[in-house]
Amino acid sequence: MKFLVCISNVPDTTTKITFTPDNKEFNKAGVQFVINPWDEYALTRAIELKEAQGGGTVTVLNVGEADTEPNIRKALAIGADDAIRVNAHPKDAFFVAQQIASIAKDGGYDVILMGKESIDYNGFQVHGMVGELLGIPTVAPAMKLDMSGNTATLEREIEGGKEIVEVATPFVASCQQPMCEPRIPNMRGIMTARTKPLKVVEPTGDAPRTQVTEYQLPPKKQGVKLIPAESAGDLIKLLRNEAKVI
Amino acid sequence: MSVLVVVECDKGEVKKSSLEVASYGSQVAQLLGTTATAVAVGEASEASLTQLGEQGISKVLYDAEPRLKDFVNGAYTKLIATAAQKEESTVIVLANSNIGAAVGSRLAVRLQASLATNVVELPKNDGGQFTVKRGAFSGKAFAEVVLGGDRKIIAVKKNSIEAQHEAGKTATVEAFSAQLADTDFADAPKQVVMQDQAGGILLPEADRVVSGGRGMKGPENWNLIEDLAKALGAATACSKPVSDVDWRPHHEHVGQTGITVSPNLYIACGISGAIQHLAGVNSSKVIVVINKDPEAPFFKAADYGIVGDVFDVLPKLTQAVKELN
């Protein structure tokens with residue numbers, strides 16, 4: 001079975017977010033980039049399923065410029081077999097979805113996995129767009145994924161519960177916890193990753209449909225009003241009379 | 001031209017987030033000089049759909065196909081796309097829920113529309129440029145986004161728009177069929193499992209949230225959290241370390257890689273306030289932090305704070321709420 005796992009290159013979760021002086025772009029200076037944490041569930045689960053099937057391949061796909069390659073190598077070190085990088089800045093979700101769909105179509109992948117969303121843009125869009133472009137089902141967000149032959153059983157989270165869904169390959173799923181325990185690379189993985197194939201292709205498709213014109217930081221908090229622990233009950237009065245939230 | 005609003009229903013009621021979406025949609029319709037029509041999904045009742053008039057909706061389309069009671073991505077997409085074509089909708093508004101985002105992204109491709117999720121304000125329509133403000137970087141920033149093309153889809157973040165209520169106004173409910181076929185139900189659920197919600201309040205929809213961290217010392221102490229939540233009519237939540245060690249279920253995990261909440265009131269008990277946790281809660285209107293460590297970073301993001309032992313403070317708060325009511 002052929003798995004395609006799509007990964008994003010995002011600022012580390014502890015990053016303090018700042019923007020360029022014109023507020024048009026994220027300020028990358030001094031920022032550590034990581035594999036999008038949601039995508040790690042997709043990657044590890046694909047590797048686990050491949051191992052359980054005793055065959056098949058896991059291909060990692062990233063839409064990004066050359067600076068994303070360290071994290072693509074990391075995905076190879078975790079256990080993917082090969083990688084494809086679409087050499088382009090990921091302009092918007094639709095642009096990225098077109099790249100994924102084009103590669104998925106050419107490569108004949110059975111299962112296309114990705115994280116629920118990227119922690120930088122938080123679009124939660126790419127999975128559905130890829131599914132629609134390819135005309136195949138999407139299950140999003142998936143908390144569990146098991147395969148039996150060409151049939152997958154997934155748990156899809158809905159507000160307040162979950163749905164158990166069965167779909168046949170090919171399909172797209174966007175992944176989140178508790179699907180698996182994301183793996184970290186071991187030394188042998190890091191060594192072998194260096195020689196695994198990483199193919200670079202140029203982008204295709206139509207122009208993006210959305211454009212960010214400005215980023216803004218949230219307004220600063222006024223500062224905390226402290227209430228002595230002895231008179232904790234006063235907090236409740238403040239919440240009613242001052243903040244008016246209860 | 002019209003605005004199409006997607007309302008999610010559950011057990012015969014329109015979800016709170018969908019009332020907000022309906023209000024948002026009718027205000028967009030006013031901005032564009034047109035009317036707002038709704039299309040209902042899930043288990044709806046005619047009475048609750050009629051009431052959408054209070055949010056400024058004039059007409060509600062409802063397909064009574066029984067298999068639409070549960071979420072099916074393929075079928076919902078076709079249903080909404082058919083409604084959008086029938087109504088010649090140029091703007092489609094849905095909730096930024098698991099359902100809204102899953103369907104919205106498929107619709108964007110099918111209808112060749114531009115899409116913005118996680119939207120927090122009404123759009124601006126200046127000089128032919130249609131701009132929305134959306135949350136980005138997991139709650140650490142906002143982005144102004146221009147939506148191109150003839151059709152736009154907007155997924156509105158929960159609790160960022162207040163639902164309006166114009167008492168007495170009603171919407172007409174119109175039977176509607178999208179001619180759904182078996183192939184549209186490829187991802188229909190075999191089974192639906194709903195969680196036991198503490199006090200019946202769903203965390204993503206909650207106005208008030210009481211949340212516990214490692215400072216609670218163990219799952220056996222969660223009655224303190226639950227008591228306060230019950231008194232306040234709040235949902236319960238937890239930090240990542242707490243769900244990682246299975247003190248609480250994963251669906252209660254709030255933060256960057258859990259769920260993002262934006263209630264009117266968020267009370268954090270024994271949570272230090274790691275940046276990943278703050279990302280999930282910092283759009284809450286009022287944040288209260290209770291922690292015995294005065295240096296806990298969460299106090300910097302809080303509106304009100306109590307430096308003290310949660311085991312001592314929580315019962316006092318519960319008592320004070322009971323006295324107030």
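Note that the structure is predicted; figures quoted are calculated from it, not measured.
Of all non-hydrogen atoms in B/Y304 and A/I227, the two that sit nearest each other are CD2-CD1, 4.0 Å. The nearest pair of heavy atoms linking B/L317 to A/A232 is CD2-O, 3.3 Å. Across B/G305 and A/V224, no two heavy atoms sit closer than the pair N-CG2, 3.5 Å. Taking every heavy atom of both residues into account, A/F124 and B/A101 meet most closely at CD2-CB, 3.1 Å. Scanning all heavy atoms of the two residues, the minimum distance from A/I158 to B/F71 falls at CG2-CD2, 4.2 Å. Closest approach of A/V165 to B/P189, counting heavy atoms only: CG2-CA, 4.2 Å.
To the nearest 0.5 Å, atom CG of residue B/L228 and atom CD1 of residue A/I236 are 6.0 Å apart. The CG atom of B/L324 sits 4.0 Å away from atom CZ of A/R240, with the distance rounded to the nearest 0.5 Å. Here the CG-CZ distance, from B/L115 to A/F94, works out to 11.0 Å after rounding to the nearest 0.5 Å. Rounding to the nearest 0.5 Å gives a distance of 9.0 Å between OG of B/S105 and CD of A/E132.
With a 4.5 angstrom heavy-atom cutoff, A/P11 touches chain B only via side-chain atoms. Using a 4.5 Å cut-off between heavy atoms, B/Q112 touches chain A through backbone and side chain atoms alike. For a residue to count as touching a neighbouring chain, one of its non-hydrogen atoms must lie under 4.5 Å from one of that chain's; by this rule B/N118 touches chain A with the side chain only. Interface remark: A/I246 contributes backbone and side-chain atoms alike to the contact with chain B (heavy atom separation under 4.5 Å). For a residue to count as touching a neighbouring chain, one of its non-hydrogen atoms must lie under 4.5 Å from one of that chain's; by this rule B/A102 touches chain A with backbone and side chain alike. Both the backbone and the side chain of A/P218 come within less than 4.5 Å of a heavy atom of chain B. Neither the backbone nor the side chain of A/F171 comes within less than 4.5 Å of any heavy atom of chain B. Of the two parts of A/L238, the backbone and the side chain both hold a non-hydrogen atom closer than 4.5 Å to a non-hydrogen atom of chain B. Contacts of A/Q177 with chain B are made by both backbone and side-chain atoms, with heavy-atom separations under 4.5 Å.
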- Message: Pair B/T117, A/E117 - check side-chain contact (heavy atoms from CB on, under 4.5 Å), show working.
- Response: CA-CA 11 Å; B/T117 50; A/E117 64 182 13; over 6 Å; no

- Task: Start with the C-alpha distance between B/I275 and A/T13, add both sets of side-chain angles, then the distance that settles side-chain contact (heavy atoms from CB on, under 4.5 Å), and finish with yes or no.
- Result: CA-CA 8 Å; B/I275 192 165; A/T13 55; 6.0 Å; no

- Message: Show, in sequence, the C-alpha distance, side-chain angles and deciding distance for B/K300 and A/K221, and conclude whether the side-chain contact (heavy atoms from CB on, under 4.5 Å) test is met.
- Response: CA-CA 8 Å; B/K300 289 201 176 70; A/K221 284 273 179 188; over 6 Å; no

- Should A/K225 and B/D303 be marked as a salt bridge (charged side-chain N to carboxylate O under 4.0 Å, His left out) after you check the CA-CA gap, both sets of side-chain angles, and the distance that decides it? CA-CA 6 Å; A/K225 187 181 253 188; B/D303 300 283; over 6 Å; no

- Determine, stepwise, if the pair A/Q176 / B/H250 fulfils side-chain contact (heavy atoms from CB on, under 4.5 Å). CA-CA 11 Å; A/Q176 66 169 47; B/H250 119 83; 3.7 Å; yes

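A donor-acceptor pair is defined here as one N or O able to donate and one able to accept, closer than 3.5 Å; such a pair exists between the side chain of B/R134 and the backbone of A/N122. In this structure, A/R209 contributes its side chain and B/A108 its backbone to a donor-acceptor pair below 3.5 Å. The main-chain N or O of A/A229 is found under 3.5 Å from a side-chain atom of B/K316 such that the two form a donor-acceptor pair. The backbone N or O of A/I119 sits less than 3.5 Å from a side-chain atom of B/S138, completing a donor-acceptor pair. With A/R156 contributing its side chain and B/N98 its backbone, the two residues share no donor-acceptor pair below 3.5 Å. Of the possible donor and acceptor atoms, one in the side chain of B/R106 sits under 3.5 Å from a partner among the backbone N and O of A/G131.
Contact count versus chain B (heavy atoms, under 4.5 Å) is highest, among A/L226, A/V130, A/D120, A/L235, for A/D120. With respect to chain B, the highest number of heavy-atom pairs below 4.5 Å among A/P178, A/P228, A/P37 belongs to A/P178. Ranked by non-hydrogen atom pairs under 4.5 Å with chain B, the options A/K116, A/Q211, A/K16 are led by A/Q211. The residue among B/T260, B/N264, B/V146 with the most heavy atom pairs within less than 4.5 Å of chain A is B/V146. Among B/A116, B/G148, B/G308, B/A302, the residue making the largest number of heavy-atom pairs under 4.5 Å with chain A is B/A302. For the set A/V126, A/T15, A/V10, A/N23, the entry with the most heavy-atom pairs within less than 4.5 Å of chain B is A/T15.
When only modelled atom types and interatomic distance are considered, A/K162 and B/Q191 share no side-chain donor-acceptor pair under 3.5 Å. In this structure, a donor-acceptor pair under 3.5 Å is absent between the side chains of A/Y215 and B/E144.
Aromatic ring centroids of A/F26 and B/F137 lie under 6.0 Å apart.
Two residues are said to be in side-chain contact when any heavy atoms from C-beta on lie closer than 4.5 Å; A/Q216 and B/K133 meet this criterion.
Taking 4.0 Å as the cut-off between side-chain N and carboxylate O, B/K158 and A/E159 count as a salt-bridged pair.
The neighbour count for A/K144 NZ, taken as heavy atoms of other residues, nucleotides or ligands under 6.0 Å away, does not exceed 12. A 6.0 Å sphere centred on CD of A/E181 holds no more than 12 heavy atoms belonging to other residues, nucleotides or ligands. Within a 6.0 Å radius of CD in A/E242, other residues, nucleotides and ligands contribute more than 12 heavy atoms. Shown here is A/K91, whose NZ atom has more than 12 heavy atoms of other residues, nucleotides or ligands within 6.0 Å.
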